[in-house]
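Taking it in order: structure first as structure tokens, then the write-up.
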Amino acid sequence: MRDFLIAGNWKMNGSTASNAELTSGIVDGLPTAANVILLICPPFPYLAAAAGQIAGSRLRLGAQNVSEQAPGALTGETAAVMLKDVGCEYVIVGHSERRAIMGESSATVAAKFCAAQAAGLIPILCVGETLVEREAEQTKEIVSAQLAAVIDAAGIDALANAVIAYEPVWAIGTGLTATPEQAQDVHKHIRADVAAQNEAVAAGVQILYGGSVKGDNAAGLLSMPDIDGGLIGGASLDAAGFLAIAEAAVDLN
Ligand code: PEP
């Protein structure tokens, strides 16, 4: 059985005070179920403070992005070893906002994935189709290509130390959610893609769903056999809302 991972992507939100309050609210309400893991991904400036706040708790820390380059002369970038140094265990790579707005290609995402793993971080690889691609019935082709770019660069075994997040772009921050059946269909396809190269890795890899997940739709999504958690944007900015999603996972135990 795979554990549930409920990951909060705080994006570019909050302040010293509000992020400290959000972190402590989550720590105070953490479920005790051993197979439900919670993760927060605050903006870079707040990572070190969050690491201090969560020390000794079961809450995990991750970053939202990482440079594919080694430390050195690269103004404004953050190396994987630096994220590890401040207490991160995870890092999100290939979020659709970075692919679409910051122009990250699948090759860049694959390089970031490799850099993260080389530093001992667990990459959360985001894949997903746009609305136009879904309407053109290209969803599976798109996610397979995004996944293949990483498998080609890192090797199939690398997915044993990684998480995949299926995030249909049309469902992110829009209030539109894939139905549990739509999401399961793509998750099953992703797992089959991995299984075609390594069945044991496919059986173990966590595949999260992301896209307007909230307390009231989490149970339906998380009850699907190939959905192992959520990557949560908006609803992770409120401790009670985030914890409600985690409780939905606990109730499925
Ligand atoms: C995300 O940005 O990864 C995300 C899933 O956002 P939201 O939950 O707000 O749709």
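Remember, it's a predicted structure, so these values are computed and weren't measured experimentally. First listed ligand is number 1; within each ligand, the first listed atom is number 1. Computation of the quantities below employed the complete heavy-atom set of this structure, encompassing side-chain atoms and omitting hydrogens, waters and symmetry-equivalent molecules.
- Q206 is linked by a side-chain hydrogen bond (donor to acceptor under 3.5 Å, both in side chains) to nothing, counting only residues two or more places apart in sequence or in another chain.
- The backbone N or O of D228 sits nowhere less than 3.5 Å from a side-chain atom of Y209 that would complete a donor-acceptor pair.
- Protein residues lining ligand 1, listed by chain and number: N9, K11, H95, E167, A171, I172, G173, G210, G211, S212, L231, I232, G233, G234 [non-hydrogen atoms, distance under 4.0 Å].
- For K214, the NZ atom sits in a packed shell: over 12 heavy atoms of surrounding residues, nucleotides or ligands are nearer than 6.0 Å.
- In this structure, V205 is a member of the same hydrophobic cluster as L222, with clusters built from ILVMFWY side-chain heavy atoms closer than 4.5 Å.
- Under the 3.5 Å distance criterion, the side-chain polar atoms of D152 are left unmatched by any main-chain donor or acceptor of A149.
- A 6.0 Å sphere centred on CD of E137 holds no more than 12 heavy atoms belonging to other residues, nucleotides or ligands.
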